[in-house]
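Remarks on the structure that follows.
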Amino acid sequence: MGDGRKRFVRNAKDKQVGERFSLGRAFSCAVCGIAHAFNTQRNMKIHLAVALLAAILGIALGIEPWGWTAIAVCIVVVFAFECMNTAIEAAVDLVSPAYSELAKHAKDCAAGAVLVCAIGSVIVAAIVFVPPVMALMGF
């Protein structure tokens, strides 16, 4: 790394040897991030339970392909936003260990973004699941 360029590194070992991050290592870190969110965030576990419930309900009701697409997109978006919320909270805690109104607003907005996605997902679920349930009930 004698060319003077700075390279992004993830750990002390990478910094010592000056190696670039391989694509495989990048994917590995991404998987570790997702695992961290699942292991540490109660809401991620709730989102997973709801996603599994949606999949079971979709199978039971035999929803259309467009419905599966909408449900899958909602699941992915909620998981992604929950991962971003986790990252934002960690970064805010790192730079602002003491209480700060700005830190509170940053964390509240990140959590609010997840809530917006979750509410949108409930609306999509109603659009996808209510008609087949109503048909099953004879309405």
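Hydrogens, waters and symmetry mates play no part in the numbers below; they use all other heavy atoms, side chains included.
Side-chain atoms of Thr69 come within 3.5 Å of backbone N or O of Pro65 as a donor-acceptor pair. Looking only at distances, a side-chain donor or acceptor of Thr40 sits under 3.5 Å from a matching main-chain atom of His36.
For His105, the side-chain contact (heavy atoms from CB on, under 4.5 Å) partners two or more places apart in sequence, or in a different chain, are Glu101. With sequence neighbours excluded, the residues satisfying side-chain hydrogen bond (donor to acceptor under 3.5 Å, both in side chains) with Asp108 are Lys104. Partners of Lys45 by salt bridge (charged side-chain N to carboxylate O under 4.0 Å, His left out), not counting sequence neighbours: none found.
Scanning both residues, Met44 and Cys83, for their nearest heavy atoms gives CE-SG, 3.4 Å. Between Val92 and Ala103, the closest heavy-atom pair is CG1-CB, 3.4 Å. Here the shortest heavy-atom pairing between Gly67 and Ile63 reads C-CD1, 3.8 Å.
Considering only heavy atoms from C-beta on, Arg42 comes within 4.5 Å of Ile46 through its side chain. Side chains of Met84 and Glu89 form no contact here, defined as non-hydrogen atoms less than 4.5 Å apart. The shortest side-chain heavy-atom distance between Asp93 and Lys107 falls under the 4.5 Å cut-off.
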Would you be so kind as to tabulate the donor-acceptor pairs closer than 3.5 Å made by side chains of residues 70-81, with sequence neighbours excluded?
none

If you look only at distance, which donor and acceptor atoms sit under 3.5 Å apart when one is on a side chain in residues 111-139 and the other is two or more places apart or in another chain?
residue: Ser121; atom: OG; partner: Cys117; partner atom: O; Å: 2.9

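Under a hydrophobic clustering in which Ile, Leu, Val, Met, Phe, Trp and Tyr are joined whenever their side-chain heavy atoms come within less than 4.5 Å, directly or via other members, Leu52 and Ile59 fall into the same cluster.
Residue Phe27 is found in a hydrophobic cluster whose other members, listed by chain and number, are Leu23; membership requires side-chain heavy atoms under 4.5 Å apart, directly or through intermediates.
Note that CG of Asn39 is 10.0 Å distant from SG of Cys32, once rounded to the nearest 0.5 Å.
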